[in-house]
Amino acid sequence: MQMDPQEVLSLCKRRGFLWPAYDIYGGMGGLYDYGPLGAVLKSNIENHWRRLYVLGEGFHEIQCPIIAPEPVFKASGHLDAFSDMYVECTSCGETYRADHLAAGLHDNPAALNEEQLGKLLRDNNVRCEACKGELTPPRRFNLMFKTSVGAGKGKAGYLRPETAQGMFVNFSQVYRYGREKLPVGAVQLGRSFRNEISPRQGLLRLRELSMMEAELFVHPEDKSWPKFKDVKATKLSLVPNSGPPVDMTLQDAVAQHVIANETLAYFMWLTQRFAVDIGIDPKRLRFRQHEKTEMAHYAADCWDLEAEIGYGWIEMVGVADRGCYDVQAHLTHSGADLTAFEKFDEPREVEQEVVRASFGNLGPLFKGKAKQVAEALAGLNPASVKGSDSVTVEVSGEKLVVPSSCYDVVLKKEKVSGRKLVPHVIEPSYGVDRLLYAVLDHAYSKKDDYISLRLNPLVAPIKAGVFPLMPRDGLDDIALGIHDSLSRSGMMSYYDDSGSIGRRYARMDEVGTPCCVTVDYDTKTDGTVTIRDRDSAQQLRLRTELVPKAVQALVAGAKFESLSKLE
RNA sequence: GCGGCUGUAGUCUAGCGGUUAGGACUGGAGCUUCCCAAGCUUCAAACCCGGGUUCAAAUCCCGGCAGCCGCACCA
């Protein structure tokens, strides 16, 4: 069923899930407030994710600042790749991507700066494609929010466009915390910021968004995953970038190289499971592989989990093999040793020929430069030096001829106990707001104008409604007692004694509360209450003291009918 | 960012130059032994913002903001 997004958003606004932000000041595009129910729904989704990643897979949760200094994004590539250059027609106002207009005029227009690109367009007399008008010089538009840190001119900083960089720059800390073993994973949940040109479609394109990201650091040559065997028979809907969509087992997908490796496949499985757990309809989920041209500047392979909602097929999660791109980039830019150490099973005796300087002759001959010459000699290929009368080395730009009396080729024995590796990264990156919207979209149901949110009890903000049939004769006190016992068990319940009982059920159905407990006159005599199922409107009688246990069971996934067997 | 359409209580909407701005739903207070949005009484609640035209603007015009649709963008 295709849900009209306007209808879903209207319910969200009406019932306290979502509000357009800063509404009394006219609002601001791309920003939303989570109301009381939305905030709880969101944190329920986040907590389930934590359960899978932190408790289930042993990832380490960290929290990094939202503001980062410029070099971080210089290294990550966001400063360059994340900004586009635009030109505008001075007569009709049409805008163009400058690098697109320059395609064909240059091998790699994306690599040019504003000036070079402007010159290229001018020299080739590129004009507006619509009206042949003159174009403005290229202007840069960066999708990151820039800010200034500190007094005066300050230091350039940016609001992070993803939480990932905080984990990459902390690789060494995480690696050490995980006691220096690969694979090791970090996760982070938090806000990220993207200065979208035209935010639209409610929660789908926000300027401030919540992400849940996991970075799994793995051995570059070993992307197997022990738990893969437990899930390999599961079928996923795949849309590969070559060939038609297929439903395929993970085992076949990896064997046929549709999915690059076991680890990537396993986390696709985990992603699918998470989405289903929080109530997204598995029949409306698929994984679409990025086109080669669409792949981000860092990704080696990437699959998006897409859900079909009122807006069409929408990306919810990206599961990417980022290769060593990020860690290598930070290693290069910062100079920090962001490597893992792989210890060999046995330390290896490595015999190696090296060119060794003979300082007895070298020193007197080259005096002050002798040390530099020796270093240059050590860098030479021993095989090419052997047997020659002299070699030429370059020292601070100067070519020096070194006679063979100044060096020997010797066999050097070294004990090597391992090697340094730049880890590869498997990254599942989840857009919380989009997932939450998809949950609402798939839960929304309407029959004869009766709206019900069929939220999975696991994520439903309110777990139970509690009503006295009549707000008197002590029924209200009993109901308040049940409400209290649910709260003490850590479950949000909602006490309501106003209006007819049907109206109260309807109120709870509309916000997705999975069950309602009603205290009636029989409760006073036999100590039982009715519990009603949201989706079937079935009722069971239950001993009052079993209510928290029953609701807990529903949240844990029990079928409603099974509640009658509770003891 | 460009072009088109739109903006009335919490929601859906009537009004198309002069209205105490109407209704429905929701919400609050109350009545009703009340198990699926029943009924009754009662209360609260709106013309997106700023300019202009006019004796008079929710209504016409301009600008802004916001939303929707298309283009572009979405690392």
Side-chain angles (χ1 to χ4, degrees), chain A residues 4-7 9-16 19-31 35 73 76-84 86-89 92-97 100 110 128 130 139 141-144 161-162 164-165 192 194-202 204-207 209 290 294-299 302 304 311 314-315 318 320 322 325 429 431 434 448-452 465 467-473 475 497-510 516-522 524 529-534 536-539 541:
Chain A
D4 176 7
Q6 290 314 306
E7 231 180 274
L9 284 174
S10 160
L11 168 72
C12 288
K13 190 175 177 193
R14 213 155 22 91
R15 301 310 307 267
W19 301 321
Y22 308 112
D23 205 29
I24 66 167
Y25 287 104
M28 188 171 231
L31 302 175
F73 297 117
S76 71
H78 286 96
L79 218 45
D80 300 321
F82 200 29
S83 70
D84 295 319
Y86 289 89
V87 293
E88 203 173 314
C89 172
C92 76
E94 182 69 35
T95 52
Y96 299 94
R97 277 276 294 271
H100 289 182
C128 175
R139 255 187 348 220
F141 182 76
N142 194 286
L143 270 358
M144 285 193 294
E162 59 176 21
Q165 298 308 323
S192 298
R194 298 174 184 189
N195 200 358
E196 294 285 353
I197 301 169
S198 65
R200 228 183 266 177
Q201 300 182 310
L204 300 192
R205 286 183 65 184
L206 295 173
R207 291 193 165 121
L209 53 137
H290 277 206
E294 172 189 18
M295 214 80 80
H297 62 272
Y298 51 72
C302 186
D304 283 347
Y311 297 104
I314 299 296
E315 173 195 351
R322 294 176 78 134
Y325 179 91
S429 169
R434 288 178 168 202
D448 308 323
D449 282 333
Y450 188 94
I451 296 169
S452 178
F467 318 138
L469 191 59
M470 299 292 293
R472 58 175 140 274
D473 301 327
L475 301 187
D497 63 9
S498 93
S500 72
I501 193 76
R503 177 177 302 260
R504 286 177 259 165
Y505 287 144
R507 272 189 203 118
M508 287 292 98
D509 288 349
E510 206 182 25
C516 293
V517 174
T518 302
V519 174
D520 56 23
Y521 285 94
D522 291 341
K524 291 173 75 171
V529 293
T530 60
I531 181 163
R532 167 193 176 271
D533 177 43
R534 176 194 63 210
S536 65
Q538 268 184 77
Q539 294 193 348
R541 280 204 90 86

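Letters A, B, ... are given to chains in the order of the sequence lines, protein chains preceding strands, and every chain is numbered from 1. Given the structure is predicted, the values throughout are model-derived calculations rather than measurements.
Heavy atoms of A:Tyr25 sit nowhere under 4.0 angstrom from any nucleic acid atom. Contact annotation for A:Gly202: backbone-only contact, meaning every heavy-atom pair under 4.0 Å involves sugar-phosphate atoms and none involves a base.
A donor N or O paired with an acceptor N or O is found under 3.5 Å between the base of B:C73 and the side-chain atoms of A:Arg205.
A:Leu204 places its CG atom 15 Å from the C1' atom of B:C73, with the value rounded to the nearest Å. For the pair A:Leu469 CG and B:C36 P, the interatomic distance rounds to 10 Å; values are reported in whole Å. Between the CG atom of A:Leu206 and the C1' atom of B:C73 there is a distance of 16 Å, given to the nearest Å. The interatomic distance linking A:Glu196 (CD) with B:C73 (P) rounds to 13 Å, in whole Å. What separates CG of A:Leu209 from C1' of B:A75 is a distance of 13 Å, to the nearest Å. Taking atom CZ on A:Phe467 and atom P on B:A37, their separation rounds to 13 Å, with Å as the unit.
Stacking of A:Tyr521 onto the six-membered ring of B:U33 is present: less than 5.5 angstrom between centres, less than 30° between planes.
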Give me the distances for all protein-to-nucleotides 7-11 of chain B N/O pairs that come in under 3.5 Å?
| from | atom 1 | to | atom 2 | distance (Å) |
| --- | --- | --- | --- | --- |
| B:U11 | OP1 | A:Lys13 | NZ | 2.7 |
| B:U11 | O3' | A:Ser10 | OG | 3.3 |

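Considering only side-chain N and O atoms, A:Arg507 lies under 4.0 angstrom from the phosphate OP1 or OP2 of B:G27. A:Thr518 has no side-chain polar atom (N or O) that falls below the 4.0 Å cut-off from OP1 or OP2 of B:C35. OP1 or OP2 of B:G27 sits under 4.0 Å from a side-chain N or O of A:Arg503.
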